[in-house]
Amino acid sequence: MAVANRQLAAIQSLSEKQASALADLDAATNDRLNAISVATQQGVINLYQALAVWKMARRDKALSNKITKLAASPCTYEPQSIEFSVNNSNNVETNTARERTLGLNNRVLAGLMLHTWRTQDVKCPETRWI
């Protein structure tokens, strides 16, 4: 029980540190935005540069917020495997001549492997190999 309490305390400590880091990030972003405003008013940077720096500051804040919130949320995803087969009436014998079609190969489509089979037996012409 003592081990579980220590682990729980460690998790709570990490959660508090993340909340503190998020608050520090908000304060740093606000300071950065205030500095942009002051620099623009003093003529140190023009409005175009101020807009670019402002966008970077907002993007960095959003990215850090996302990372912090995702780190604090538990993962509840359970991977699943679903087996299925598709009968395409493949009746080709393995050691016979087969028609070769350009572009007939396996493809991955949206994470699904499409395995292509040749379905017609055709004898190769003798002149093709001369």
Side-chain angles (χ1 to χ4, degrees):
M1 191 66 152
V3 174
N5 287 336
R6 279 193 308 243
Q7 290 176 347
L8 184 59
I11 291 171
Q12 289 173 339
S13 172
L14 287 175
S15 180
E16 291 170 3
K17 287 179 183 178
Q18 287 176 342
S20 174
L22 191 57
D24 291 344
L25 176 67
D26 284 338
T29 301
N30 289 335
D31 290 345
R32 192 172 176 186
L33 295 177
N34 290 336
I36 293 169
S37 176
V38 169
T40 304
Q41 290 171 1
Q42 292 177 350
V44 176
I45 60 175
N46 61 28
L47 289 177
Y48 181 75
Q49 292 168 331
L51 180 62
V53 174
W54 179 80
K55 285 181 178 180
M56 284 191 310
R58 301 286 297 194
R59 186 200 65 215
D60 292 346
K61 179 182 177 183
L63 181 64
S64 296
N65 280 340
K66 179 181 177 182
I67 290 170
T68 303
K69 287 182 181 180
L70 287 175
S73 64
C75 180
T76 58
Y77 174 72
E78 292 285 331
Q80 296 180 356
S81 175
I82 301 171
E83 292 186 25
F84 66 94
S85 63
V86 178
N87 184 3
N88 63 354
S89 303
N90 184 16
N91 58 359
V92 175
E93 296 178 23
T94 56
N95 293 326
T96 61
R98 296 181 298 276
E99 179 182 10
R100 305 295 183 189
T101 307
L102 289 175
L104 187 63
N105 52 11
N106 298 335
R107 302 258 188 232
V108 175
L109 178 65
L112 179 67
M113 175 70 167
L114 300 177
H115 185 72
T116 308
W117 294 80
R118 294 180 179 90
T119 58
Q120 296 176 350
D121 292 339
V122 177
K123 188 168 185 161
C124 292
E126 300 279 333
T127 59
R128 182 175 177 189
W129 308 107
I130 294 178

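Given the structure is predicted, the values throughout are model-derived calculations rather than measurements.
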Open item on the list: What's the separation between atom CZ in R59 and atom OG in S64, rounded to the nearest 0.5 Å?
Closed with: 10.0 Å
Task: Under 3.5 Å donor-acceptor, S20 side chain and E16 backbone - done: no
Open item on the list: Could you measure the distance from the CD1 atom of I36 to the CG atom of D31? Nearest 0.5 Å is fine.
Closed with: 11.0 Å
Open item on the list: How long is the straight-line distance from CZ of R58 back to CG of N65, given to the nearest 0.5 Å?
Closed with: 9.5 Å
Donor-acceptor contacts under 3.5 Å from residues 45-55 side chains, at least two apart:
residue: N46; atom: OD1; partner: Y48; partner atom: N; Å: 3.1
residue: N46; atom: OD1; partner: Q49; partner atom: N; Å: 2.7
residue: Q49; atom: OE1; partner: N46; partner atom: N; Å: 3.1

- [ ] Using modelled atom types only, decide if a donor and an acceptor are shared between the side chain of T29 and the backbone of L25 within a distance under 3.5 Å.
- [x] yes
